[in-house]
Amino acid sequence: MSPGLFAAAALAAQPASPTPVEEVVITGARLPPLVAERAYSTVTLDEAALDDGRRLDEALTDTPGVSLFRRTSSAAANPTTQGLSLRSIAPSGAGRALVTLDGVPLNDPFGGWVVWSQLPSEAVDRVDIVRGGGAGAYGAGALTGAVILRERDVRDVLDLSLAERGGRRAAGWGRIGVGPLRLSLAGLTENSDGYTPVRGADAGAADQPLGLDALSGAIRLDGGLGARATASFRAAAWEEERGSGLAGGGSRASGQLLSLTAAAAPADGLLGWRVQAWTHGSDLSNRFVAVADDRSSTSPASSQDETPARGWGLNAAVRRSLAWSSGRLEWEIGADARHARGETRERSRFIGGAFTRSRVAGGEALVAGGYGEVSWSAGPWLATGGARLDHWRNSDGRRLERDLATGLPTLELSAPDRDGYVASGRAALRRDLGDWVLRAAGYTAFRPPTLNELHRPFRVGNDITEANPALEPERLRGLEVGASWRSGAATLDATVFWNEIDDAIVNVTLAQGPGTFPVAGFVPADGVLRQRMNAGTIRALGLEAEAGWRSGPIEVRAALALTEAEVDGGADAPQLTGLRPAQAPELSALLAVAWTPAERLRLEGRLRLEGERFEDDLNSRVLEEAATVDLRGEWRLTDTALLWLAAENLLDAEVEVSETASGVAGLGAPRTMRLGLRFGL
């Protein structure tokens with residue numbers, strides 16, 4: 001046999017080389033971000049910005065203009081004040097931003113706030129914060145913008161930590177294969193004895209810690225639908241219980257969220273699409289107390305026994321991207337609908353050791369609309385525009401109060417059904433100049449009042465705020481210009497904006513206690529009576545800026561937000577004209593410096609500054625400016641394990657977060673040490 005034939009025979013006798021098989025990763029059913037978002041003031045947080053053991057809302061505050069109500073994160077805030085607002089125009093407990101997870105709204109169907117315990121930061125690998133009116137695909141609720149969360153698809157994560165004052169936290173996300181399907185699991189358990197907000201000379205026996213017990217879990221099942229499409233089913237449930245900072249007070253919140261999504265990304269001129277349905281159930285109970293003048297004791301004021309609510313929604317979109325006129329054209333059309341029904345069931349008027357009145361109040365809300373969005377990119381240019389038309393309806397509004405001893409009605413109100421249409425839109429232009437990128441945009445948006453704002457009065461300490469079933473939707477219009485610069489390891493981004501909110505929903509002060517008033521009843525001496533009202537117009541002019549620099553082992557990041565906001569109360573609330581909106585700081589800033597002196601060691605420090613803000617609409621209760629310092633060190637034990645130590649509010653600054661009519665200040669968290677272990681597989 002010739003050498004050539006021998007070699008051929010030997011080759012034929014060897015086992016055939018396996019044909020390479022491309023690994024297919026099944027991801028959650030979603031459409032990719034629109035190209036149009038690049039023309040707006042959009043900030044993207046990646047996995048690295050979220051993987052530090054903080055709660056998700058705390059991580060979001062590293063972005064200029066992201067505002068937490070009363071300077072308090074969800075680690076201590078009552079669920080009703082966990083709303084998120086953008087641009088510090090007029091933060092509210094309900095929030096003026098829409099928060100979605102892979103297209104599903106996380107805002108509570110009754111109150112509009114977000115219970116952040118439902119989603120650990122470890123389950124999220126990307127956040128797009130779109131600042132400015134959220135027309136287009138976002139619609140109702142995205143008044144000052146949208147926070148778009150994307151759930152993880154790869155890399156298991158587990159974070160375990162301990163903290164002072166009994167803090168214990170375990171959170172993670174993992175994924176396993178089940179035949180042709182992929183099953184994702186996310187979970188959170190968190191417990192803390194908490195801190196006492198009123199401290200020092202003002203504190204009395206009535207002041208107690210803000211303890212927290214939270215538990216949540218979610219599963220997601222993903223599967224392929226042919227060559228391009230994916231279907232996802234997600235189910236989540238959560239429950240948290242927390243103290244109010246006062247003896248006898250506290251709250252419990254629970255909820256469930258189910259969603260079913262099918263989607264296919266556009267490719268090679270083919271249509272992309274998404275179809276989604278979801279349902280969101282929630283319940284909330286609150287125990288409210290009145291505080292004695294010397295803060296030595298409390299007495300029951302009201303009991304919000306339950307707040308059953310149910311929301312559902314549908315949305316669908318079709319998208320296409322194709323070459324057009326020496327550039328690329330992308331368009332999307334879609335429709336969405338959201339419905340919510342809920343009520344509060346309460347007891348009040350505590351006399352002789354028992355509640356003597358009951359209250360049931362609630363209703364239904366519906367908003368449905370359609371939109372179209374188109375963008376064209378060619379070379380350095382990107383032009384985009386979109387429009388929406390929405391129909392809103394409030395119906396079945398009711399409030400019934402009874403005497404518990406006799407069962408007879410003491411107050412019976414029914415709100416007439418109301419509806420209307422709102423048109424909104426946005427447009428933007430972007431120009432790439434190499435190292436520089438210039439942007440300009442204009443937009444309008446709206447937010448319908450929540451069922452909570454329409455129908456439920458509430459009490460904080462001795463302050464009472466009445467509901468208002470006649471509230472109209474808030475409407476915003478705005479303009480902005482921005483510039484970004486990138487050169488080597490240095491970056492700079494700045495945006496100047498002007499926003500105006502018409503029919504702004506404000507808690508307007510009507511009277512000072514003590515006294516007995518129609519509908520509201522008795523207001524103590526150390527309290528005020530307010531009512532939610534469409535109090536004219538809020539105008540704001542602001543600057544958001546962020547800069548970064550890296551050289552070797554050192555990274556520096558600075559962020560700044562300046563907002564000059566003013567209320568024009570008009571004829572309905574002239575006493576507010578010329579004042580600043582409650583809870584709206586003029587200045588917030590962040591300076592973060594990170595140093596990696598060794599391959600396995602990373603050290604980081606953060607300095608946060610915030611100017612004064614006002615607790616109330618009349619600007620009579622001042623929350624002083626605040627500065628805090630945080631430190632964090634990380635030591636990588638192995639390629640997949642990391643040990644971390646964090647000192648929050650290292651200098652133990654007294655950050656004012658609330659103030660009573662008599663001048664008693666509530667304070668934020670004192671210095672807190674945390675130790676954690678993170679695994680990323």
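Residue numbers start at 1 and run along the sequence shown. Computed from a predicted model, the values in this text were never measured in an experiment.
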Between Ser73 and Arg55: side-chain donor-acceptor atoms closer than 3.5 Å: no

Heavy-atom closest contact (Leu543 atom, Ala494 atom, distance): CD1-CB, 4.4 Å

From Ser74 atom OG to Trp116 atom CH2, the distance as rounded to the nearest 0.5 Å: 8.0 Å

Side-chain H-bond candidate by donor/acceptor type, Ser321 with Arg328, under 3.5 Å: yes

Distance, nearest 0.5 Å, that separates CD1 of Ile505 from CD of Glu453: 4.5 Å

Euclidean distance, Leu271 CG relative to Trp273 CH2, rounded to 0.5 Å: 11.0 Å

Sidechain N-carboxylate O distance under 4.0 Å for Arg539, Glu566: no

Polar side chain donor-acceptor pair, Asn78 to Thr80, under 3.5 angstrom: yes

Distance (rounded to the nearest 0.5 Å) between Ser395 OG and Leu366 CG: 8.0 Å

Salt bridge Arg70-Glu615, side-chain N to carboxylate O under 4.0 Å: yes

Lys/Arg-Asp/Glu bridge criterion (N-O < 4.0 Å) met for Arg530, Asp617: yes

Distance-only side-chain donor-acceptor flag, Asn534 / Glu472, under 3.5 Å: no

Heavy-atom closest contact (Ala97 atom, Asn107 atom, distance): O-ND2, 3.4 Å

Contact check, side chains of Val508 and Gln531, non-hydrogen atoms, under 4.5 Å: no

salt_bridge(Arg426, Glu37) N-O dist < 4.0 Å: yes

Close side-chain approach of Glu466 and Arg532, heavy atoms under 4.5 Å: no

Asn394 side-chain N/O to Gly397 backbone N/O, donor-acceptor pair under 3.5 Å: no

Carboxylate-amine/guanidinium contact Glu564 Arg580, below 4.0 Å: no

Proximity of His339 and Trp392 rings by center, below 6.0 Å: no

Salt-bridge present (Glu330, Arg320; N to O < 4.0 Å): no

Minimum heavy-atom distance between Thr72 and Ala77, given as atom pair plus value: CG2-N, 3.7 Å

Salt bridge present between Glu412 and Arg398 (N-O < 4.0 angstrom): no

Salt-bridge criterion met for Arg252 and Glu239 (N-O under 4.0 Å): yes

Derivation of the side chain to side chain donor-acceptor pair (under 3.5 Å) call for Arg234 and Ser184: CA-CA 9 Å; Arg234 186 177 186 275; Ser184 305; over 6 Å; no

Asp222 and Ser232: side chain donor to acceptor below 3.5 Å: yes

Check: Arg96 and Leu476 side chains under 4.5 Å, non-hydrogen atoms: no

Residue pair His280 / Pro105, side-chain heavy-atom distance below 4.5 Å: no

Residues Glu306, Arg345: salt bridge by 4.0 Å N-O rule: yes

Distance-only side-chain donor-acceptor flag, Ser216 / Gln118, under 3.5 Å: no

Asp125 and Arg150 ion-paired at < 4.0 Å: yes

Rounded distance (nearest 0.5 Å) linking atom CG of Leu258 with atom CD of Gln256: 8.0 Å

Donor-acceptor pair between Thr465 and Asn507 side chains, under 3.5 angstrom: no

Side chains of Asp128 and Thr42, donor plus acceptor under 3.5 Å: no

Distance in Å, Arg38 CZ paired with Ser377 OG, rounded so as to fall on 0.5 Å steps: 6.5 Å

Minimum-distance pair of heavy atoms, taken over all atoms of Leu454 and Pro449: CD2-CG, 3.8 Å

Residues Arg477 and Asp502 bridged, charged N to O under 4.0 Å: yes

Trp278 vs Leu314 side-chain heavy atoms within contact, under 4.5 Å: no

Salt-bridge present (Asp503, Arg447; N to O < 4.0 Å): no

Short side-chain donor-acceptor distance under 3.5 Å, Arg131 and Thr63: no

Within-4.5 Å side-chain heavy-atom neighbours: Ser251 and Ser285: no

Test: Arg87 and Glu480 ion pair at under 4.0 Å: yes

Short side-chain donor-acceptor distance under 3.5 Å, Asp283 and Thr307: no

Short side-chain donor-acceptor distance under 3.5 Å, Gln304 and Arg456: yes

Beyond-backbone contact of Val114 with Asp108, side-chain heavy atoms, under 4.5 angstrom: no

